[in-house]
Amino acid sequence: MAKDVLLEDINPQQKEAIIHSKGPLLVLAGAGSGKTRVITRKFAYLVKKKKYRPSSIFTVTFTNKAAGEMKERIRGFIDQDIKQSWVGTFHSQCNKILRKEITALGYKPDFSIYDDSDQCNLIRHILKELKIYEALYKGVASRISILKSSLVSPQEFLSQGDGFSFDEKLGRVYLKYQDELKRCNALDFDDMIMLTVKLFEDHPKIRNKYHELFPYILVDEFQDTNRAQYRLLQLLTSAEKNICAVGDDDQSIYKFRGADVSNILNFEKDFPDAKIIKLEQNYRSTQNILDVSGAVIAKNPKRKSKKLWTEKGCGEKIFYCRTNSEEEEAKYVARSIKDLYLKGNYEYKDFAVLYRINLQARAIEDALRGETIPYHVVSGISFYHRKEIKDIISYMKLIINRDDNVSLRRIINSPSRGIGASTISKIEQEAKKSSQGLFAAAKSMLKANSVAASIKDKLSELVKTIERISATSYKTAADMLKDIVERTGYIDEIEEERLQNILELVSSAENIHVKDFADRVSLLAVNDEPEHKASVSLMTLHSAKGLEFPVVFIIGMEEGILPYFKAIDDVSEMQEERRLFYVGMTRAKDVLCLTGVKRRRLYSKVQEQEPSHFLRDIPKECCHWVEKIQQKQETAQGPIKVPPKKIAPLYIIGSRVKHPSWGVGIVRDCCGEGTDAKITVNFPGIGLKRLAAKFANLEKM
DNA sequence: AAGGTATAACTTTTT
DNA sequence: GTTATACCTT
């Protein structure tokens, strides 16, 4: 090996993080500080220098996208096959373990995986049965999910209640829910973590086996772990305590899903000899953006303080513009985008418009369409959540796991077979009486001839179809899906668009074995739509995490929107809103623009809006402050002029110059024109220097 | 069992 | 104001 590839283009802190390979390590990686670079190179370093097998480094991320990216980049460093390495999401890793070991917990290895909607369906069913107001199901589902992600069992929860309040009812629902899941041989997302924890806690032998399998553990986005996930990591960490957790407490924005920032704050307590490394050099944003976002986040107490800096130069001031209405706000955003685009420095894909709630996208969409600017909305609704797709997949789940009552309920009358509520409840009763699954119960009722004549044929046809498909062995999941679509009659009564979706599903199942495909669609799911090449991105602040754009707009900078009104009287939620704003700002590379409105129509009411109090924390000297709230003529004119980024700059950023005493350096920034130009140059070994172009006597190279 | 009208709720969402 | 759900009608 020539010079060490792994340690090229690496700053001292990153290097330290990469080569620290014994004992616990916490890497506090500020926004844009090259976190993924550190993890992937560390992985490669452990393999190449420390002779770990790739399959012995347990690497967890939160999203499939992050896992994929990581594998891709690791592959660039290592010639060994990493196909069967353990790089994946928490859920896929647990799935892999549980498919092998779950019999120890009394489940069968062919368990179904329930997503949120399956989970909600089951909870509604239970609420109905326990005669509890059904519309509460969403709240109940999220409470249960938080309990599970905090490792509180139904028994524990019931025992700590007073026995009277709503919590008592909730406890009963929770207990029954867990019971039903087991009956269905199904796991929800929280179970996948919780049961793996239980597996390791109750079975030291199994735990030891995995200790030997995984002498090193790498964790990405550690600030987003919930208690169960953290417990899992502790259980998985063997006596040598080789665990490296990478995260940023300032970017913890998923508390509502159970994420617990205190995991990152307590890491040192749990691993007393932990080494802590801070990554504070930022490779993404201008110093101005870092100063502004840094000042805002500094107001949060109890954080691991970080001071981000960059070699990029100060860049432009950020913008804040307040308009009369949402329409004007949107128009301002659209025109600013067009303006910058026409100046030729940016393409449409370089822009992102970020907002707190999805509702806000609509006005922006209208305005962008008005200016004929191409855009796409990154939304939560994924391909796999479409009704027709979920239906077909439910057939597949039922075929793999006949105890899967939730899937059976879903498809029993889809396509319509005339099997309604009354028939289903008869089957439910029979199932309860004979303590079997719904499918088995339906089957025995048919045998005993205790089904209404009018639907007997339909039901028996369904049962036969399911059994016939079960009995067939398919080479690929695509073959099975085709069979399902044809034999169940699903194809006969759907519109063209839905049919297209199904065909797409089938083609995505080519060359994959049935069970692998079922796991994949259950765990891989969401947002893997193709990247949009040439258009402006619209998304929530939450979905923007992990991304970066040269130009970022954050709209709705108002009390009640950002921070959202539900957070206003809760201190810790308020801190999270601030972090959310911080995450948004640190997405920007060059230009950051904040907007807000004076009056907003929210739901049916028109409200006077106060500017977000977060704006008060922005250093005035870093920001162009624009109020467009009068009704004058000029208001109707274009957006305020965004200073041209580079009109024939004296020195091109990134170019090399020579200074009489400091030698050769790289131009990081150049602002101003003619004789006033100020230029920032990084001289290796000397550091950043800000020079007046007139006097500096620089030689272009 | 399907289709219609009234009613209420209205964040964020890695898996 | 919009959307999803709940209940009522045929």
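Below, read A as the first sequence line, B as the second, and so on, with proteins coming before strands; counting in each chain starts at 1.
Contact of R257(A) with dT14(B) (side chain to base): no donor-acceptor pair of N or O atoms is detected under 3.5 Å.
For the pair Q251(A) CD and dT14(B) P, the interatomic distance rounds to 16 Å; values are reported in whole Å. Taking atom CG of D190(A) as the reference point, atom P of dT13(B) lies 18 Å away to the nearest angstrom. Atom-to-atom, CG of D224(A) to P of dT14(B) comes out at 12 Å; the value is rounded to the nearest Å. Across the protein-nucleic acid pair, L541(A) atom CG and dT14(B) atom C1' stand 16 Å apart, rounded to whole Å. Rounded to a whole Å, the CG atom of N358(A) is 17 Å from the C1' atom of dG1(C). If you take NE2 of H542(A) and P of dT15(B), they are 14 Å apart, rounded to a whole angstrom. dT15(B) atom C1' lies 16 Å from atom NZ of K96(A), rounded to whole Å. Residue F90(A) contributes atom CZ, which lies 13 Å from atom P of dT15(B) at whole-angstrom precision.
Between R579(A) and E576(A), at least one side-chain nitrogen of the basic residue sits less than 4.0 Å from a carboxylate oxygen of the acidic one, meeting the salt-bridge criterion. A salt bridge is absent between R417(A) and E461(A); no separation between the charged side-chain nitrogens and carboxylate oxygens falls under 4.0 Å.
Atom P of dT12(B) sits at a distance of 15 Å from the matching atom of dT5(C), rounded to the whole Å.
A donor-acceptor distance shorter than 3.5 angstrom exists from the side chain of S612(A) to the backbone of F614(A), with no hydrogens or angles considered. D191(A) places a side-chain N or O within 3.5 Å of a backbone atom of D188(A) that can act as its donor or acceptor partner.
Residues F351(A) and F549(A) place their aromatic rings such that the two centres sit no closer than 6.0 Å. Ring centers of Y210(A) and F58(A): at least 6.0 Å apart, outside the cut-off.
Contact annotation: T61(A) side-chain N/O to dT14(B) OP1/OP2 distance is not under 4.0 Å. An OP1 or OP2 oxygen of dT13(B) is reached within less than 4.0 angstrom by a side-chain nitrogen or oxygen of S543(A). Between N64(A) and dT15(B) there is a side-chain polar atom (N or O) within less than 4.0 angstrom of OP1 or OP2.
When distances run from any side-chain atom of F62(A) to the nucleotides dT12(B), dT14(B), dC10(B), the shortest one goes to dT14(B). Nearest to the side-chain atoms of T540(A) among the listed nucleotides dC10(B), dT15(B), dT12(B) stands dT12(B).
Stacking between F256(A) and dT13(B) is absent: the ring centroid is not both under 5.5 Å from the six-membered base ring centre and under 30° in plane angle.
Annotation: of the two residues near DNA chain B, E576(A) and R417(A), the 5′-most nearest-nucleotide partner is R417(A).
For the atom pair OG1 of T40(A) and CG of D220(A), the computed distance is 10.0 Å after rounding to the nearest 0.5 Å.
Here L562(A) lies out of heavy-atom contact (under 4.0 Å) with every strand. Within the 4.0 angstrom heavy-atom criterion, base atoms lie near R356(A).
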(request) If a protein heavy atom is under 4.0 Å from the base, mark B; if only from the sugar-phosphate, S; if neither, -; do that for nucleotides 2-7 of chain C going 5' to 3'. (result) -S-SS-

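In this structure, dT12(B) shows a glycosidic angle more than 90 degrees from zero, which is the anti conformation.
No side-chain donor from either of Y564(A) and E577(A) sits under 3.5 Å from a side-chain acceptor of the other.
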